[in-house]
Amino acid sequence: MSTHKHIDQLCAVVLVLCLLLTFAFINGVALGIRPAASALGYESRLFDTGRVHTIDLVMDNWEEFLETCENEEYAQCSVLIDGEAYQNTAIRAKGNTSLTMVSAMDSDRYSFKLEFDHYDSGRTYYGLDKLSLNNIIQDSTYMKDYLTYQMMGAFGVAAPLCSYVYITVNGQDWGLYLAVEGVEDGFLRRNYGGNSGELYKPDSMSFGGGRGNGREFRMDDFGNPEEGAALSSNPPADPVFQKVPGEDGRAAGGGSAKFAGGPGGGMGSDDVKLRYIDDDPDSYSNIFQNAKTDITKADQSRLIASLKALGEGENLENVLDIDRVLRYFVVHNFVCNGDSYTGSMVHNYYLYEEDGRLSMIPWDYNLAYGTFQSGDATSTVNEPIDSPVTGGDSRPMVDWIWEQDEYTELYHQYFREFLETVNITGLIEQTAALIAPYVEKDPTAFYSNQEFQTGAETLGDFCRLRTESILGQLEGTIPSTSKGQEEDASSLVDASFIRLSDMGTMDRGGGFGDGERPFPSDSQQEGAAIPFPAEDAPAFSQARGQPAAILRSPEDSASPSGDLPGESLAAVSGSTWLLAAVSCGILLAGLLFACLYRRGNH
């Protein structure tokens, strides 16, 4: 028998400690033990860029859904992705100006958003919760978005994954779309791990927001200069874009009412320009009301403090992810996107904040490569890399690069690295060859096949000349600032043979197909059976009573674990198994210690 009077208490303490350590490991993420970014599963499936994927949308009330697309309300559908079927998926139309533009064209070729977790928060497509299906409007090249995202990703920017998909509706051809990873939960886990920071999509309420924002925007109000005319960097004043200040000086809709005056100020409010205003969170409503993660007052205060430090140029390494921000702006400034943070509209970007450090995530580049207003090609190709902001307006997130020589030199170094390591021409040629057969048969295309071929060639020419100009700017043979180019334009690269509008423009949806809905062929009349891609593809009728079921082909896509696709494989990562194993080891060691201690004292 044990002679130690406290043996029972000691054993109890050891067991409690073991249980606490086990709890700590199991809940490591919540306690600050950070997992690294990891693969979830969807990256190598839908976003394999080596082929064009297939998506079949199955809805009994498709025509009724199209009639209500402008409301951007979710409807229920079934989705077949590369032969794998998902029931009870939510779908809605999406877009900023493109949504109303499609409707005005008497077209049904909307962009769509799929939510796999809308009706069941536990469901994903191999870890992917949201998916955008872009209709490739205003882009005769079919590649402006795709090329930019691919270049961003290749250069180390946390960018959305994307791939081409050929969509059918109830088995009937619909058209070639671009599938883009939603910048939401799945994206955050893939890039930042399970304990990610806060995500925002800053946008002024009067334009460019989707789900109701941007509805009043018309390109005719904004102004569209004639082809070849020099662009004015300061858009005309228009009541559509003006906020009415309240008595406290803030905009009636929230956020700062202060719009930059003078040439090229841009139409975004101070908060979407990421300027420090004051310490009141209400002054940043265009940021905080567009948060994509659940935020607290502490999160708001931390972001405001970072914006203040950024504006003052203090402790930049503590408030910026220097590497990621520089890489973002290198690619961003290469593609000349006026419909962006550095342009006059001041939107189309995500802001990521973690522990007070800020970085940018790219979004929406279908009007890049100088096609936002399609002005003079030579001036666009030679856009100065050291004066990238429209009209020279202040944008703190990029201004810091030129406030210290060391950052400017690093920015130039990154630009050289980008041009030397990313094969832009090869990417364009490879992509054009991949999608050409699908463009040719696209029944709802906004552009003809000939316009696509011309657009692709023009995109290649633009990128080649843009590379030539930037190399000259880096070497000092071409001025790299607006002032320098105004004083001496003799060395600018000549791009006068390029028509930017050949790549698609803001004010034109397309020509040949114009987004008309496809009519059923003789073999696919309404009411005919829906053809599936393979004989063994799953039948939806067998599972209409299973609201959360995900159907799949048993031969081609059986899960190794026997579970539903994208669920358990994406949810349990290697780090989770490691933590569980360590926790079990600690618990067993504690139990073994307690048993041996008691036995030794008998």
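A 4.5 Å side-chain heavy-atom check between Pro281 and Ile304 finds at least one atom pair inside the cut-off. Between Ile137 and Ser111 the shortest side-chain heavy-atom distance does not fall below 4.5 Å. Contact of the Tyr447 side chain with the Asp139 side chain is not registered, since no non-hydrogen atoms from C-beta on lie closer than 4.5 Å. Met503 places none of its side-chain heavy atoms less than 4.5 Å from the side chain of Met143. The shortest side-chain heavy-atom distance between Ile361 and Phe187 falls under the 4.5 Å cut-off. Residues Tyr328 and Asp321 have side chains not in contact (no heavy-atom distance under 4.5 Å, counting atoms from C-beta outward). Residues Glu314 and Lys308 fail the side-chain proximity criterion, which asks for heavy atoms closer than 4.5 Å. Tyr110 has its side chain within reach of Ser103: a pair of non-hydrogen atoms, C-beta onward, lies under 4.5 Å apart.
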### Query
Which is it for Leu459 and Leu147 under the side-chain contact (heavy atoms from CB on, under 4.5 Å) test, yes or no, and what are the steps along the way?
CA-CA 10 Å; Leu459 179 62; Leu147 178 61; 4.0 Å; yes

### Message
The test is side-chain contact (heavy atoms from CB on, under 4.5 Å); show your working for Tyr200 and Leu358 and say whether it passes.
### Response
CA-CA 11 Å; Tyr200 306 89; Leu358 309 176; over 6 Å; no

### Task
With side-chain contact (heavy atoms from CB on, under 4.5 Å) as the test, would you mind laying out the steps for Phe446 and Met105 before giving the verdict?
CA-CA 10 Å; Phe446 292 114; Met105 293 168 61; 3.6 Å; yes

### Task
Just do the side-chain contact (heavy atoms from CB on, under 4.5 Å) check on Leu419 and Leu471 with the steps written out, would you?
CA-CA 8 Å; Leu419 297 177; Leu471 287 173; 3.7 Å; yes

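The minimum heavy-atom distance between Lys94 and Glu72, with the atom names listed, is CA-OE1, 4.0 Å. Between Thr293 and Leu188, the shortest heavy-atom distance links the atoms CG2-CD1, 3.8 Å. The nearest pair of heavy atoms linking Ser140 to Gly504 is OG-N, 3.5 Å. Shown here for Val183 and Pro160, the closest heavy-atom pair between the two residues is CG2-CG, 3.8 Å. Closest non-hydrogen pair, Ala495 versus Leu465, comes out as CB-CD1, 3.7 Å. Listed here is the closest heavy atom pair of Cys463 and Phe334: O-CZ, 3.8 Å.
For Gln485 (side chain) and Asn382 (main-chain N/O), a donor-acceptor pair under 3.5 Å exists by modelled atom type. Between the side chain of Ser306 and the backbone N or O of Arg302 there is at least one donor-acceptor pair closer than 3.5 Å. In this structure, the side chain of Ser387 does not engage the main chain of Pro384 through any donor-acceptor pair within 3.5 Å. Here the side chain of Arg357 pairs no donor or acceptor atom with the backbone of Asn318 at under 3.5 angstrom. For the pair Thr408 (side chain) and Ile401 (backbone), a donor-acceptor distance under 3.5 Å is present.
Note that CG of Leu326 is 9.0 Å distant from CZ of Phe155, once rounded to the nearest 0.5 Å. Atoms CG and OG1, from Asn337 and Thr342 in turn, are 7.0 Å apart once rounded to the nearest 0.5 Å. Taking OH from Tyr411 and CD1 from Ile385, the interatomic distance works out to 5.0 Å, rounded to the nearest 0.5 Å. Going from atom OH of Tyr350 over to atom CG of Asp364 covers 9.5 Å, rounded to the nearest 0.5 Å. A distance of 8.5 Å separates CG of Asn348 from CG of Leu367, quoted to the nearest 0.5 Å. For the atom pair CD1 of Ile277 and OG of Ser269, the computed distance is 7.0 Å after rounding to the nearest 0.5 Å.
Note: Tyr164 and Tyr142 fail the aromatic proximity criterion, with ring centroids not under 6.0 Å apart.
The residues Lys273 and Asp270 are annotated as not salt-bridged, no charged nitrogen and carboxylate oxygen being separated by less than 4.0 angstrom. Ionic pairing of Arg109 and Asp442 is present here: one or more N-O contacts between side-chain nitrogen and carboxylate oxygen are shorter than 4.0 angstrom. Salt-bridge formation is not detected for the pair Glu43/Arg190: no Lys NZ or Arg NE/NH1/NH2 atom is positioned less than 4.0 Å from an Asp or Glu carboxylate oxygen.
Screening Asn366, Thr505, Thr371 against Gln138 for a side chain to side chain donor-acceptor pair (under 3.5 Å) leaves a single residue, Asn366. Exactly one residue among Phe329, Trp400, Tyr414 makes a ring-ring contact (aromatic ring centres under 6.0 Å, His included) with Tyr407. That residue is Trp400.
The list of side chain to side chain donor-acceptor pair (under 3.5 Å) pairs with a residue in residues 428-439, not counting sequence neighbours, is empty.
Looking only at atom types and distance, the side chain of His412 has a donor-acceptor partner in the side chain of Asp386 under 3.5 Å away. Side-chain contact annotation: Asp399 with Ser394, donor-acceptor N/O pair under 3.5 Å present. Side-chain atoms of Arg324 and Ser359 include no donor-acceptor pair closer than 3.5 Å. The closest side-chain donor-acceptor pair between Ser469 and Gln473 falls under 3.5 angstrom. Residues Ser490 and Asp488 bring a donor and an acceptor atom of their side chains to less than 3.5 Å of each other. One side chain, Asp494 or Ser496, offers a donor N or O that lies under 3.5 Å from an acceptor on the other.
Taking the six-membered ring where the residue is Trp, Phe418 and Phe415 present perpendicular rings, their angle passing 60° and hence far from 30°. Ring planes of Tyr365 and His332: perpendicular class, angle over 60° (limits at 30 and 60°). Using cut-offs of 30° and 60° on the angle between ring planes, the pair Phe462 and Tyr369 is perpendicular.
Judged as a ring pair (Phe, Tyr, Trp, His ring centres under 6.0 Å), and not counting sequence neighbours, the contacts of Tyr349 are Tyr341.
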